[in-house]
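Just below is one structure, and these are the notes that go with it.
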Number of protein chains: 2
Amino acid sequence: MTDETPAFSSMIDKEREQKSTEANVAPLQLGKRVREIRLANNLTLEEASRRTGLARSTLSKIENEQISPTFQAVQKLATGLNIDIPQLFVNPQDARTSGRRDVTRFGEGRPHPTPTYEHEILANQLTNKKMLPYKSTVRARDFDQYPGWVRHAGEEFMLVLKGKVRFYTEFYEPVDLDTGDSTYYDGTMGHALVSISEEDAEVLWVTSN
Amino acid sequence: MTDETPAFSSMIDKEREQKSTEANVAPLQLGKRVREIRLANNLTLEEASRRTGLARSTLSKIENEQISPTFQAVQKLATGLNIDIPQLFVNPQDARTSGRRDVTRFGEGRPHPTPTYEHEILANQLTNKKMLPYKSTVRARDFDQYPGWVRHAGEEFMLVLKGKVRFYTEFYEPVDLDTGDSTYYDGTMGHALVSISEEDAEVLWVTSN
DNA sequence: AACAAATATTTCCTATTGGAAACTTTTCTC
DNA sequence: GAGAAAAGTTTCCAATAGGAAATATTTGTT
């Protein structure tokens with residue numbers, strides 16, 4: 001199964017490449033890293049304690065490098081604070097991507113037309129993004145216009161901005177989505193979209209890895 | 001800096017918990033993994049001990065899951081045996097989330113009101129998502145209504161669905177966004193949103209980890 | 001500035017880890 | 001298959017982690 005067109009496919013994939021990233025750097029200061037993560041999530045020690053099941057005091061000591069937590073503790077940390085353990089061993093913060101911002105004005109994304117969709121890539125000024133947002137006009141009017149299922153690695157979120165669409169997926173019955181409706185699905189499951197309103201429908205897509 | 005309200009904070013974070021995944025499953029048999037690696041390298045405990053600086057007995061206990069090594073010990077292990085720490089936590093393919101789909105009808109997300117926003121969480125039927133989508137009505141009319149910057153781990157994408165907003169960020173001048181405009185930014189950078197149209201503005205947010 | 005509330009650190013104590021050496025099991029060698 | 005050497009496990013104890021509560025610090029309010 002291919003994407004709508006090879007050109008689009010490779011184009012999207014090029015964007016995707018940016019998402020997977022860096023090498024693993026030494027665990028230098030676990031404590032600092034933990035504190036960073038906790039603060040980034042606006043958590044107090046108390047709250048973090050509640051979530052991880054570790055005592056407030058223990059967390060404090062870990063963050064201040066006063067103790068070397070047992071592996072058990074590290075696991076609790078990871079689960080409670082919602083971080084992949086490997087994340088703890090990656091450079092504290094990717095200086096490249098921290099503090100970034102990009103604004104895309106209405107209609108000013110990078111256009112990319114295909115037979116079935118009229119895509120407009122948003123936030124195209126930023127690279128190495130974790131998500132790829134794009135707005136699309138759904139030109140397809142019939143499922144048969146697709147050479148086959150569309151598939152992506154990762155998950156996708158879609159919101160209908162205008163018109164009405166029929167959403168086909170590999171493992172479910174098609175479902176009609178009206179303006180304002182949205183769906184979230186596994187991108188590796190085959191999927192496709194057609195307009196069923198007078199006008200071509202417009203949707204917003206955000207894909208993740 | 002706190003989030004808008006503790007309630008919202010914890011609420012969103014509860015959703016976020018779903019994102020963290022495997023990683024937490026894998027380390028169940030750290031010992032097994034270590035033994036595997038040691039044997040694959042044809043090392044005796046004695047030799048491994050020499051290389052890692054950990055006592056023979058300690059290594060034995062770790063491999064037999066009799067103790068939970070301290071983080072220090074794990075580091076020594078990794079360096080001495082020449083392995084990436086993340087390698088110890090290689091996550092297996094996740095079958096749980098493949099082929100999933102959730103549809104949220106207009107206005108049918110899970111509501112969550114706060115002083116500054118009226119949130120509606122989308123795709124709330126799915127757990128362990130990689131992204132968290134929600135639609136929000138921006139009640140705030142003035143930056144002062146925020147107790148401080150809002151911060152999240154990860155990156156965020158925002159699209160203005162209705163009305164007009166002023167987007168404040170820690171490292172940039174505020175920018176006005178009209179309906180249809182969008183922005184993508186590092187969530188750890190402080191940010192906040194206020195309506196500047198007659199009506200309360202409506203925006204779509206998608207956050208990633 | 002003074003007070004209260006929230007958040008973070010330190011103390012003190014118990015539980016667990018990590019190491020040296022004793023002990024056990026496995027693997028060679030004859 | 002007995003004995004010796006190598007490899008692995010367990011024991012015992014000193015060192016260190018982890019938790020509850022006291023103390024200190026920071027933040028917010030009047």
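Here is how names work: the chains are called A, B, and so on, in the same order as the sequence lines, proteins then strands, and each is numbered from 1.
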What integer distance in Å separates B:Leu59:CG from C:dG18:P? 10 Å
Could you state the CD-C1' distance from A:Glu63 to C:dT10, rounded to the nearest angstrom? 15 Å
Tell me: CD of B:Glu47 to P of D:dG8, nearest whole Å? 11 Å
Locate the shortest heavy-atom distance separating A:His119 from A:Trp205; write the atom from each residue and the value. CE1-CZ3, 4.3 Å
Ion pair B:Arg166/B:Asp176, N-O distance below 4.0 Å: yes
Are B:Arg101 and A:Tyr185 in a cation-pi setup, meaning NZ or CZ lies under 6.0 angstrom from the ring centre and within 45 degrees of the ring axis? no
In this structure, how many angstroms lie between the P atom of C:dA6 and the CG atom of A:Asn42, rounded? 17 Å
Those residues at least two apart in sequence (or on a different chain) that pass salt bridge (charged side-chain N to carboxylate O under 4.0 Å, His left out) with A:Glu63 are A:Arg35, A:Arg38
Can you list everything that forms a salt bridge (charged side-chain N to carboxylate O under 4.0 Å, His left out) with B:Glu199? Sequence neighbours excluded, please. none
A:Pro113 to A:Glu118 - nearest heavy-atom pair and separation: CB-OE2, 3.5 Å
For atom CD of A:Glu46 and atom P of C:dA5, their distance in whole Å: 17 Å
Letter by letter from the 5' end, nucleotides 15-23 of chain D scores (B base, S sugar-phosphate only, - none; protein heavy atoms under 4.0 Å) --SBBBBB-
In whole Å, what is the span from the CG atom of B:Asn64 to the C1' atom of D:dT9? 8 Å
Integer-rounded Å distance: D:dT26 C1' and A:Leu39 CG: 14 Å
Can you tell me how far C1' of C:dG18 sits from CG of B:Leu45, to the nearest Å? 14 Å
